[in-house]
Amino acid sequence: MEDEKMKKIIAMGEGLIDFIPMQTGCEIKDVESFSGRVGGAPCNVAAMAAKLGGDSAMISMLGKDGFGDKIVETLSLIHISEPTRLLSI
């Protein structure tokens, strides 16, 4: 049997920042601070494929702002090809 290699995964869709409350046991209106984490289903798929040793890339509409920069930097840390920035704000 030939050596099987994982095919490249190209995820297309949203990359976003999830805001995770830093306080628990209170209503969302009473939360004082949040932690920003990169998320979005396509980002998560590309990230898990890369963490499992696969070759993955991302096509998404990202702003040229701090949120878009955070997504690009986070994905590059886990060796996902830089998302194509289709949106310039």
Side-chain angles (χ1 to χ4, degrees):
M1 186 168 163
E2 292 182 34
D3 184 30
E4 293 185 29
K5 183 179 177 187
M6 184 184 288
K7 300 197 184 307
K8 183 167 190 156
I9 293 174
I10 301 174
M12 182 168 50
E14 65 185 1
L16 52 83
I17 304 295
D18 290 321
F19 288 90
I20 311 300
M22 298 303 293
Q23 292 82 31
T24 59
C26 62
E27 292 187 33
I28 194 73
K29 67 180 181 66
D30 298 323
V31 173
E32 295 180 7
S33 61
F34 296 86
S35 176
R37 305 294 168 101
V38 174
C43 271
N44 294 341
V45 169
M48 293 315 306
K51 288 179 180 180
L52 292 170
D55 184 14
S56 62
M58 179 83 187
I59 299 172
S60 186
M61 295 180 75
L62 300 174
K64 290 188 176 184
D65 58 10
F67 294 119
D69 293 344
K70 181 174 179 70
I71 293 167
V72 169
E73 289 172 10
T74 300
L75 294 180
S76 69
L77 287 173
I78 53 176
H79 308 290
I80 295 176
S81 303
E82 179 169 338
T84 303
R85 290 188 185 215
L86 300 173
L87 176 64
S88 175
I89 297 177

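Worth knowing before you read on, the calculation uses all heavy atoms, side chains too, and leaves out hydrogens, waters and symmetry mates. Keep in mind the model is a prediction, meaning the values are calculated, not measured.
Looking at residues two or more places apart in sequence or on another chain, you find a side chain to side chain donor-acceptor pair (under 3.5 Å) between Gln23 and Ser33. Remark: Thr24 engages no residue in a side chain to side chain donor-acceptor pair (under 3.5 Å) (not counting sequence neighbours). By the side chain to side chain contact (heavy atoms under 4.5 Å, CB included) test, Asp18 is found to be paired with Leu16, Ile20, residues two or more places apart in sequence or in another chain being considered.
A distance of 4.5 Å separates CG in Asp55 from NZ in Lys8, rounded to the nearest 0.5 Å. Atom CZ of residue Arg37 and atom NZ of residue Lys70 lie 7.5 Å apart, to the nearest 0.5 angstrom. The distance from atom OG of Ser60 to atom CG of Leu75, rounded to the nearest 0.5 Å, is 9.0 Å.
Counting heavy atoms from C-beta outward, Pro42 and Met12 have side chains that stay 4.5 Å or more apart.
Met22 and Phe19 fall into different hydrophobic clusters, defined by Ile, Leu, Val, Met, Phe, Trp and Tyr side-chain heavy atoms under 4.5 Å apart, directly or through other members. One hydrophobic cluster holds both Phe34 and Ile17 under the rule that ILVMFWY side chains link at heavy-atom gaps under 4.5 Å. Met48 and Ile59 end up in different hydrophobic clusters when Ile, Leu, Val, Met, Phe, Trp and Tyr side chains are linked at under 4.5 Å.
When all heavy atoms of Cys43 and Val38 are compared, the pair lying nearest together is SG-CG1, 4.4 Å. Heavy-atom minimum distance, Ile78 versus Lys51: CG2-CE, 4.0 Å. Nearest heavy atoms, Gly39 versus Asn44: CA-OD1, 3.9 Å.
In this structure, Thr74 contributes its side chain and Ile71 its backbone to no donor-acceptor pair below 3.5 Å. Put simply, the side chain of Ser56 never gets that close to the backbone of Ile10: no donor and acceptor are under 3.5 Å apart.
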